[in-house]
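Below, all heavy atoms of this structure are taken into account, side chains as well, without hydrogens, waters or symmetry copies.
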Amino acid sequence: MAKQTHSPLQHHFTSLSQQYAASQLGMWTFLLTELLFFGGLFLSYTIYRMSYPHGFAAASHELDVRLGCINTIVLISSSLTMALAVRAGHEGKGKSITGFLVLTMALGGTFLGIKSIEYAHKFHEHFVPGPNFAFPHYASQGPELFFSLYFAMTGLHAIHMIIGLVALGVVAWKATRGRYTKEYSTPVEMLGLYWHFVDIVWIFLFPLLYLLGRH
Amino acid sequence: MSTLVKKIKHYLNASYELRSWFGTVDHKRIAILYLISVTLFFFVGGFFAVMIRLELLTPAGDLVSSETYNKLFTMHGIIMIFFFLIPAVPAVLGNFLIPIMIGARDMAFPRLNLASWYCYIGGALFATAAMVTGGVDTGWTFYTPYSSTYSNGAVVLTALGAFVAGFSSILTGLNFIVTIHKMRAPGMTWFRLPLFIWSNYAASIIMVLATPVLGAAIFLVFLERAFHIGIFDPNLGGDPVLFQHLFWFYSHPAVYIMILPSMGVMSELVAAFSRKRVFGYDFVAGSSLAIAVLGFLVWGHHMFVSSQSMYAGFVFSFLSFLVAIPSAIKVFNWTATLYKGSISLQTPMLYALGFIGLFTIGGLTGLFLASLGLDVHVHDTYFIVAHFHYIMVGGVVMGYLGGLHYWWPKMTGRLYPEFWARISALNIFIGFNLTFFPQFLLGYMGMPRRYHAYPEEFQVLNVMSTAGASVLAVGYLIPMIYMLWSLKYGKKAPANPWNAKGLEWTIPSPPPVHNFDEIPVVTEEAYAYAEAPHRG
């Protein structure tokens with residue numbers, strides 16, 4: 001560590017292990033707040049799903065399961081490349097870190113691309129809630145509520161992915177400059193936790209929105 | 001002399017350029033930034049309060065129109081709750097003291113700490129923008145579908161302000177939790193922590209767990225307003241009561257975000273000015289956590305008359321009563337600490353005693369409101385207004401001012417004038433009771449809240465309340481004046497002007513930039529005061 005010109009230990013910590021423990025607890029606590037933030041939306045979804053089971057089932061039939069399924073696979077793969085980036089960080093292999101992070105970004109970008117195709121499709125079909133909303137052969141409000149929640153939840157998820165992509169870019173760039181070593185790759189690891197969280201949220205969104213109530 | 005003074009570098013005179021303040025990562029400077037901004041918003045919110053009280057001086061709504069009146073109480077509520085009551089004690093005193101009290105050089109995440117101040121300012125700017133572009137009239141609770149469909153567009157800006165300010169709260173809480181877990185000096189075990197740390201820890205848990213849910217609720221209101229998607233609007237199949245559940249799941253625990261840090265200040269003050277260790281330390285510490293946990297289980301008592309089932313009402317009523325237990329533990333233990341202590345009635349102690357009085361009144365009337373049948377009678381009357389002002393405002397103002405006086409010498413290196421400080425403490429206590437006690441009677445007699453005119457028989461009590469508000473206003477202005485005065489003319493403060501225990505008193509006033517040259521090793525419990533000889 002003495003060789004490094006840019007010491008990763010910040011002045012107010014007494015040791016790297018203390019600094020690492022603080023980062024880890026901080027990140028987990030942050031993810032807890034994220035869980036509760038999404039929790040409010042999941043609660044709303046649950047309540048309306050129970051109030052309008054048929055409307056929700058009818059609306060979820062309009063989602064494209066194939067695209068959703070492809071996206072799930074893409075996102076799980078990005079979680080794998082992220083995990084590999086974290087391992088490369090532990091081994092201090094700067095180049096592999098960059099490589100795996102770029103792969104993760106590519107997969108994340110693919111996910112968002114597919115998502116935007118889905119969004120465009122819903123827009124053409126008039127499934128976007130609001131004055132132009134039209135759902136054929138259905139009188140109750142269920143489908144409109146379903147699409148309200150669909151756009152709120154997947155939209156919020158997409159915003160989290162965009163933030164993640166920016167962070168991935170920053171960390172990947174820093175990795176090319178050799179900032180991460182065997183002793184210190186905390187940012188890679190923390191980003192990994194964040195990315196896995198985004199992945200897990202989708203793992204819940206996919207069955208709730210696409211699969212539930214489908215025969 | 002002047003050359004000698006210049007040699008001593010501390011956090012205030014370490015550097016002067018603007019960037020060293022607005023880009024600082026020093027928790028003490030961030031605390032000062034908060035001190036200035038929080039105080040500013042306190043006076044803005046206070047101005048609205050004065051307008052409200054002036055309008056209610058006469059039974060006829062003659063000073064402002066009913067619409068303006070709605071905007072006044074809304075802005076009063078939003079400014080006071082989101083920009084004063086919630087951040088006041090944790091963001092100012094907590095930021096300044098938590099690292100010092102546990103023997104750390106800074107918060108765990110100094111840059112995040114600064115970011116949270118910018119979130120606060122960002123949120124405040126949105127709210128101010130809404131205020132100057134016409135104001136919002138939903139009440140601080142943003143109840144749907146009024147807020148999401150019928151009110152004016154300023155709701156979006158204001159809600160955005162609350163949303164962004166929520167990030168400030170979340171980041172502060174997160175920083176506190178990690179700092180308290182990971183940054184304690186050697187020997188500073190959990191049960192040697194000052195009770196101020198315990199109470200801020202408990203409040204941080206609430207900030208972290210409750211604020212995101214408010215964020216979700218506001219996010220949905222925002223979507224409904226901006227894109228007309230239906231979540232809360234019954235016309236679109238939504239349910240306005242869902243908003244109330246989400247809102248109160250945050251906003252009831254938020255009361256404890258406000259009150260818990262003040263309770264921590266009280267424990268410090270009561271111990272220091274009776275020169276005794278706090279009676280039942282473990283119980284006072286544990287009761288903070290108990291309040292935090294129970295606080296999450298009682299939101300339904302805000303909804304006794306909102307279509308909630310009777311059985312849910314029973315359960316929420318019962319759970320609400322439970323909060324009285326840890327609250328009473330605190331009051332009894334402070335009282336037991338005072339018992340046979342060698343008490344000195346310095347200004348911070350006056351605030352502490354005032355806190356105990358106001359908190360007891362506010363807490364006991366809380367039991368009235370937790371009772372299902374009685375709540376139906378006083379629901380949305382001035383009884384409620386009086387109750388939550390006693391708890392929230394009484395609690396936070398007493399805690400904030402008491403703590404500010406106690407740690408003022410440490411923060412600024414100057415002593416405040418004791419005589420004027422005692423006058424203003426008494427002034428505030430009298431003014432507060434004169435303002436809000438008549439409101440209990442008004443509410444019990446049936447005067448509803450949020451009305452800008454009222455029947456004539458309520459006038460006497462309203463005049464008393466308005467008179468009290470002006471006494472209170474004077475009480476707030478006096479400290480403002482003498483504290484600013486003391487910055488230049490106050491006596492130089494020694495390291496430990498109160499002869500108090502605690503790590504913050506072992507370092508110079510004001511503290512050096514990195515708090516401790518060498519991280520201290522803690523060998524004794526908190527409040528290791530030698531017991532005073534008994535005086536029979």
Handout entry: Distance in Å, A:S23 OG paired with B:K182 NZ, rounded so as to fall on 0.5 Å steps
Key = 10.5 Å
Problem - Heavy atoms of other groups near B:Y143 OH, more than 12 under 6.0 Å - result: yes
Exercise for the section: Using atom types as modelled and distance alone, determine if a side-chain donor or acceptor of A:Y48 lies under 3.5 Å from a backbone N or O of B:I231. Expected result: yes
Handout entry: Part of A:T14 lying under 4.5 Å from any heavy atom of chain B
Key = side chain
Problem - A:R87, CZ: over 12 other non-hydrogen atoms inside 6.0 angstrom - result: no
Output side-chain donor-acceptor pairs under 3.5 Å for residues 24-38 of chain A, partner residues at least two apart or in another chain, one line each.
unit_1	atom_1	unit_2	atom_2	d
A:Q24	NE2	A:Y20	OH	3.3
A:T29	OG1	A:L25	O	2.5
A:T33	OG1	A:F30	O	2.5
A:E34	OE1	A:H160	NE2	3.0
A:E34	OE2	A:H160	NE2	2.7

Fill in the blank from the handout: Scored by heavy-atom pairs under 4.5 Å with chain A, the best of B:T211, B:L246, B:L112, B:L209 is B:L209
Practice task
Could you tell me whether the side chain of A:H12 and the main chain of B:M107 form a donor-acceptor pair under 3.5 Å?
Solution key: yes
Practice task
Quick one: which of B:M207, B:E224, B:H245, B:M183 has the most heavy-atom pairs under 4.5 Å with chain A, could you say?
Solution key: B:M183
Residues 171-180 of chain B, side-chain donor-acceptor partners within the protein, below 3.5 Å, at least two apart:
unit_1	atom_1	unit_2	atom_2	d
B:T172	OG1	B:S116	OG	3.4
B:T172	OG1	B:S168	O	2.8
B:N175	OD1	B:F109	N	3.0
B:N175	ND2	B:F109	O	2.9
B:T179	OG1	B:A108	N	3.0
B:T179	OG1	B:N175	O	2.5

Handout entry: From A:L41 atom CG to B:F219 atom CZ, the distance as rounded to the nearest 0.5 Å
Key = 6.5 Å
Practice task
Could you tell me whether B:W190 atom CH2 has more than 12 heavy atoms of other residues or ligands within 6.0 Å of it?
Solution key: yes
Handout entry: Test salt bridge (charged side-chain N to carboxylate O under 4.0 Å, His left out) applied to B:D106 - qualifying residues, sequence neighbours left out
Key = none
Handout entry: Minimum side-chain heavy-atom gap A:S148-B:L220 below 4.5 Å
Key = no
Practice task
Could you have a look at B:I519, B:N515, B:L236, B:L242 and say which one has the most heavy-atom pairs with chain A under 4.5 angstrom?
Solution key: B:L236
Handout entry: Winner by heavy-atom pair count (cut-off under 4.5 Å) against chain B, out of A:Q141, A:E144, A:Q19
Key = A:Q141
Completion exercise
Separation between CZ (B:R105) and CZ (A:F13), nearest 0.5 Å, reads 12.0 Å
Practice task
May I ask you to name which of B:N235, B:V213, B:V208 has the most heavy-atom pairs under 4.5 Å with chain A?
Solution key: B:V208
Exercise for the section: Specify which of B:D239, B:L223, B:I170 makes the most heavy-atom pairs with chain A at under 4.5 Å. Expected result: B:D239
Handout entry: A:H90 atom NE2: more than 12 heavy-atom contacts under 6.0 Å
Key = yes
Exercise for the section: Check each atom of A:I47 against the heavy atoms of chain B and say whether the ones under 4.5 Å are side chain, backbone, both or neither. Expected result: side chain
Problem - Interface residues of residues 119-128 of chain A facing chain B - non-hydrogen atoms under 4.5 Å apart - result: none
